[in-house]
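Below is one structure, written out as structure tokens; comments come after it.
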Amino acid sequence: MKLATWNVNSIKARLPTILTWLKDAAPDVVCMQEIKCEDDAFPQLELEDLGYNVAVHGQKTYNGVAVLSKFPIEDVRPGLPGDDTDPQARFLEVVVSAAHGPLRVASIYLPNGNPVDSEKFAYKLKWFDRLRAHAQALLELEEPTVLAGDYNVIPREDDVHDPKAWSGDALFRPESRAAWRALLNQGWTDAYMAVDGRIHQYTFWDYQRGSWQKDHGIRIDHLACSPQAADRLKGIAIHRPARAMEKPSDHVPVAGEFDL
DNA sequence: ATGGTCGCGTAGCGA
């Protein structure tokens, strides 16, 4: 069972690229972020044609998350618990019927948080607090669960081409990295670190400044696995060639292989 | 120090 996460940076602008990648990589489950459309504008038919069931938590212009699954989708919960007044569509949790039983999956688009001296950074940290509270409740279910998405956190110095240049950025600030570590310390496993952990393997390269050509990237797209999912984790792949496709997203897919 | 790129939506913001 292959489960991928991909910040697509607009499903509308990216659809041909996405369809090409889906046919090639053939993931069973895909968590998407930044679809940037409302639910009824999501290209459901094109994706169903490739054999996917679809769950969408959309938003116009900004944000928006979705889950594609070749397995039936049994339960759909849009929105991160903990603040009913939060209008931003950044969290979608589903349960899919995988080959050997149910698998809980969340598509996560964590706030960017820049600039750090603004309320955006406070929102990021508060959102992280809400995520941890919900993640703790999910752990107590003792089910295979994967929280997959764009966390907008660079965990280590080895996950960025130039740590000094990023030291003041919300993605690399100590508070953001500590929040990510605190999530893992609850009992979640970073799939990449569990099976690879090589340095300077990136998932995002900015469109600006020739970042891709110079390999000035960062690793910010992660799969957090519950113990029951981590037990079944067999491999991880960062789909770096996707950044060189025609009309690429600035993120590439990250895919875990599970015996599930 | 500046400017560089996308996407949305058609100006300027977000990333």
Side-chain angles (χ1 to χ4, degrees), chain A residues 5-21 31-43 46-47 56-66 80 86-92 107-128 131 148-155 159-173 175-177 179-180 202-222 238-254:
Chain A
T5 182
W6 195 7
N7 180 324
V8 297
N9 186 14
S10 170
I11 189 99
K12 188 178 168 196
R14 209 67 57 218
L15 189 58
T17 309
I18 290 169
L19 294 176
T20 299
W21 182 79
C31 297
M32 289 185 175
Q33 300 87 37
E34 280 205 273
I35 61 170
K36 297 187 176 179
C37 71
E38 294 183 317
D39 291 8
D40 54 11
F42 195 78
E46 289 90 336
L47 296 162
V56 183
H57 181 35
Q59 184 180 335
K60 197 173 157 183
T61 311
Y62 303 119
N63 311 315
V65 288
L80 179 64
D86 184 354
Q88 301 193 30
R90 295 177 173 276
F91 185 93
L92 174 63
S107 181
I108 291 173
Y109 179 44
L110 215 123
N112 176 295
N114 280 307
V116 165
D117 60 1
S118 74
E119 71 285 350
K120 291 181 180 178
F121 192 54
Y123 174 66
K124 176 178 196 164
L125 297 179
K126 276 188 184 165
W127 205 95
F128 231 136
L131 177 62
D150 175 2
Y151 280 80
N152 270 314
V153 175
I154 302 164
D159 298 315
V160 50
H161 70 281
D162 185 352
K164 283 194 180 129
W166 285 79
S167 61
D169 194 282
L171 280 62
F172 199 47
R173 279 287 296 255
E175 299 94 324
S176 305
R177 297 167 66 190
W180 168 247
Y202 308 131
T203 66
F204 168 92
W205 298 259
D206 202 294
Y207 289 125
Q208 300 186 67
R209 296 177 293 270
S211 297
W212 167 244
Q213 289 75 12
K214 294 186 248 182
D215 198 25
H216 288 180
I218 53 179
R219 186 174 72 91
I220 57 173
D221 299 274
H222 309 301
I238 296 175
H239 286 235
R240 183 180 170 98
R243 189 62 178 78
M245 293 176 76
E246 195 173 340
K247 284 264 290 181
S249 172
D250 40 7
H251 297 248
V252 296
V254 179

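Below, chains carry the letters A, B, ... as their sequence lines are ordered, and counting in each starts from 1.
Only A/Asn112, A/Lys120, listed by number, bring a heavy atom of residues 111-121 of chain A to less than 4.0 angstrom from any atom of DNA chain B.
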Which nucleotides of nucleotides 1-10 of chain B have their base under 4.0 Å from a protein heavy atom (B), which only their sugar-phosphate (S), and which neither (-), written as one string 5' to 3'? ---BBSSSS-
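In this structure, the CD1 atom of A/Ile218 is 13 Å from the P atom of B/dA15, given to the nearest Å. Note: CD1 (A/Ile220) to P (B/dA15) measures 11 Å, nearest angstrom. Look at CG on A/Leu171: it is 10 Å from P on B/dA15, rounded to the nearest Å. Taking atom CG of A/Asn152 as the reference point, atom P of B/dA15 lies 8 Å away to the nearest angstrom. In this structure, A/Asp221 places its CG atom 13 Å from C1' of B/dA15, rounding to the nearest Å. For the pair A/Asp250 CG and B/dG14 P, the interatomic distance rounds to 16 Å; values are reported in whole Å. Whole-Å rounding puts the A/Gln88 CD to B/dG14 P distance at 10 Å.
Atom CD1 of A/Ile108 is separated from atom OG1 of A/Thr5 by 8.5 Å, given to the nearest 0.5 angstrom.
For A/Gln213, the CD atom counts as densely surrounded, since its 6.0 Å shell holds more than 12 non-hydrogen atoms of other residues, nucleotides or ligands.
Using modelled atom types, one side-chain atom of A/Thr20 and one backbone atom of A/Pro16 make a donor-acceptor pair closer than 3.5 Å. Although no hydrogens or angles enter the test, the distance criterion places no donor-acceptor pair under 3.5 Å between the side chain of A/Arg243 and the main chain of A/Val252. Side chain of A/Arg173 to backbone of A/Ser167: no donor-acceptor contact under 3.5 angstrom is found. Between the side chain of A/Asp39 and the backbone N or O of A/Gly58 there is at least one donor-acceptor pair closer than 3.5 Å.
Between B/dA11 and B/dG7, the distance separating the two C1' atoms is 14 Å to the nearest Å. For the C1' atoms, the distance linking B/dA15 with B/dG4 amounts to 14 Å, nearest Å. Here, B/dG9 and B/dG14 have their C1' atoms 13 Å apart, quoted to the whole Å.
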Using the rule given for ring pair (Phe, Tyr, Trp, His ring centres under 6.0 Å), can you reason through A/His216 versus A/Trp205, listing the C-alpha separation, both sets of side-chain angles and the distance that settles it, and then say yes or no? CA-CA 6 Å; A/His216 288 180; A/Trp205 298 259; over 10 Å; no
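At a cut-off of 3.5 Å, with distance as the only test, no side-chain donor of A/Tyr109 or A/Asn152 sits close to an acceptor on the other residue.
A/Tyr109 comes within contact range of the sugar-phosphate backbone alone, with a heavy-atom separation under 4.0 Å but no base atom that close.
Under the salt bridge (charged side-chain N to carboxylate O under 4.0 Å, His left out) criterion, the residue pairs touching residues 209-219 of chain A are A/Asp159-A/Arg219, A/Asp190-A/Arg219, A/Asp206-A/Arg209, A/Asp215-A/Arg240, with sequence neighbours excluded.
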